[in-house]
Structures are given as structure tokens and as C-alpha cells.
Amino acid sequence: VELVESGGGAVQAGGSLRLSCSTSGLIHGRNCMGWFRQRPGDEREGVAVITRGGGGEYYAGFVQGRFTISRLNAAEMVYLHMNQLKPEDTGMYYCAAKWSPTGDCSLRPSDYATWGQGTQVTVSS
């Protein structure tokens with residue numbers, strides 16, 4: 001397994017979590033790294049993506065400034081800092097990677113070929 005997520009858990013609404021993705025070197029060959037989630041009964045959706053240099057960060061509309069994605073290429077890690085969590089943020093969170101020849105790091109799950117196993121986030125009201 002090349003992408004391994006950790007850091008999920010159960011928190012109360014308003015709480016925070018930091019998700020981590022260990023990439024085992026994969027990060028060096030992929031200019032787009034992203035976090036996605038699948039809520040119960042819903043399709044997988046993009047949460048946040050980040051470009052190779054870290055200068056380009058893109059977030060889904062529902063994030064509303066609450067989450068921050070970051071990557072440390074030297075440490076081969078990608079993070080998602082989540083604040084002000086809401087019950088509707090409950091779901092399985094996945095790390096994903098892709099190579100984009102155009103540098104377009106989309107939020108579309110179908111564009112990403114490499115996925116981790118996911119980490120569960122549960123937010124109670």
C-alpha cells in the first residue's frame with residue numbers, strides 16, 4: 001500500500017482533527033495530492049487538493065475556510081487540518097495522488113488513480 005492515512009477519530013462538533021497521509025515516496029512522482037471523503041450514503045467527493053510546490057490549494061465549497069491542506073515533500077507526507085468540524089463532516093476520508101501533465105489538480109475523484117484505504121472521521125452533535 002503506497003498511501004496510508006491516519007488521524008481520524010471521533011470528536012464533538014466544533015472540534016478539530018489532523019489527518020495524515022504517508023506516501024512512501026509516491027509524493028515525489030505526483031504533482032497533485034488530495035483529500036477526498038465519502039459520507040454515508042453518498043458518493044466520494046473532493047475535499048482539498050494541493051500542487052507539488054504547495055502554492056496551489058483548492059478546496060470544496062463546503063470547507064468554508066475550516067480545513068487546510070499541506071504537504072511536506074521531504075517528509076513524504078500530506079496533511080489535512082480540520083477545524084470547526086460539523087456532524088455533516090462525518091465520513092471516510094481518503095488520501096489520493098495523481099500526475100497531471102497540465103498541473104490541473106482537480107477535485108474530481110475520478111481523476112485520481114492512487115488511493116489509500118481511508119480513515120474514519122465521526123463528528124457528534
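The model shown is predicted, which means the values in this text are computed figures rather than measured ones. All residue numbers refer to positions in the sequence shown, counting from 1.
The structure places OG1 of T51 at 16.0 Å from CZ of R30, a figure rounded to the nearest 0.5 Å. Here the CD atom belonging to Q117 is positioned 13.5 Å from the OG atom belonging to S6, to the nearest 0.5 angstrom. Rounding to the nearest 0.5 Å gives a distance of 9.0 Å between SG of C32 and OH of Y58. Residue E45 holds its CD atom at 4.0 Å from CZ of F62, rounded to the nearest 0.5 Å.
Residue L19 is not grouped with residue M77 when hydrophobic side chains (ILVMFWY) are merged at heavy-atom distances under 4.5 angstrom, including chains of intermediate members. Note on Y79 and V11: separate hydrophobic clusters, where clusters join Ile, Leu, Val, Met, Phe, Trp and Tyr whose side-chain heavy atoms are under 4.5 Å apart, directly or indirectly. Linking ILVMFWY residues whenever their side-chain heavy atoms come closer than 4.5 Å, directly or via other members, places L3 and L80 in the same cluster. In this structure, M33 is a member of the same hydrophobic cluster as V63, with clusters built from ILVMFWY side-chain heavy atoms closer than 4.5 Å.
Applying the 6.0 Å contact sphere to CD of Q120 captures more than 12 heavy atoms from other residues, nucleotides or ligands.
Here the side chains of Q38 and Y94 are in contact, with some heavy-atom distance below 4.5 Å. The shortest distance between side-chain heavy atoms of S16 and N83 falls below 4.5 Å. Contact of the R71 side chain with the T23 side chain is not registered, since no non-hydrogen atoms from C-beta on lie closer than 4.5 Å.
Between W35 and F67, the distance from one ring center to the other does not fall under 6.0 angstrom.
One finds a salt bridge joining R37 and D89 here, because a Lys/Arg side-chain nitrogen approaches an Asp/Glu carboxylate oxygen to under 4.0 Å.
Not a single donor-acceptor pair under 3.5 Å links the side chain of T122 to the backbone N or O of T90. In this structure a side-chain-to-backbone donor-acceptor pair under 3.5 Å is present from Y59 to I69. With E5 contributing its side chain and C95 its backbone, the two residues share a donor-acceptor pair below 3.5 Å. When atom types are taken as modelled, the side chain of R52 and the backbone of H28 share a donor-acceptor pair closer than 3.5 angstrom.
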Q: Could you go through the ring-ring contact (aromatic ring centres under 6.0 Å, His included) check for F36 and Y112 one step at a time?
A: CA-CA 10 Å; F36 298 79; Y112 288 74; 4.9 Å; yes

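P87 approaches S124 most closely through the heavy-atom pair CG-C, 4.4 Å. Listed here is the closest heavy atom pair of K86 and Q64: NZ-OE1, 3.3 Å.
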Listing, residues 102-110 side-chain donor-acceptor contacts under 3.5 Å, not counting sequence neighbours, or none:
residue	atom	partner	partner atom	Å
T102	OG1	S100	OG	3.2
T102	OG1	D104	N	3.3
S106	OG	R108	N	3.4
S106	OG	D111	OD2	2.6
R108	NE	D111	OD2	2.8
R108	NH2	D111	OD2	2.8

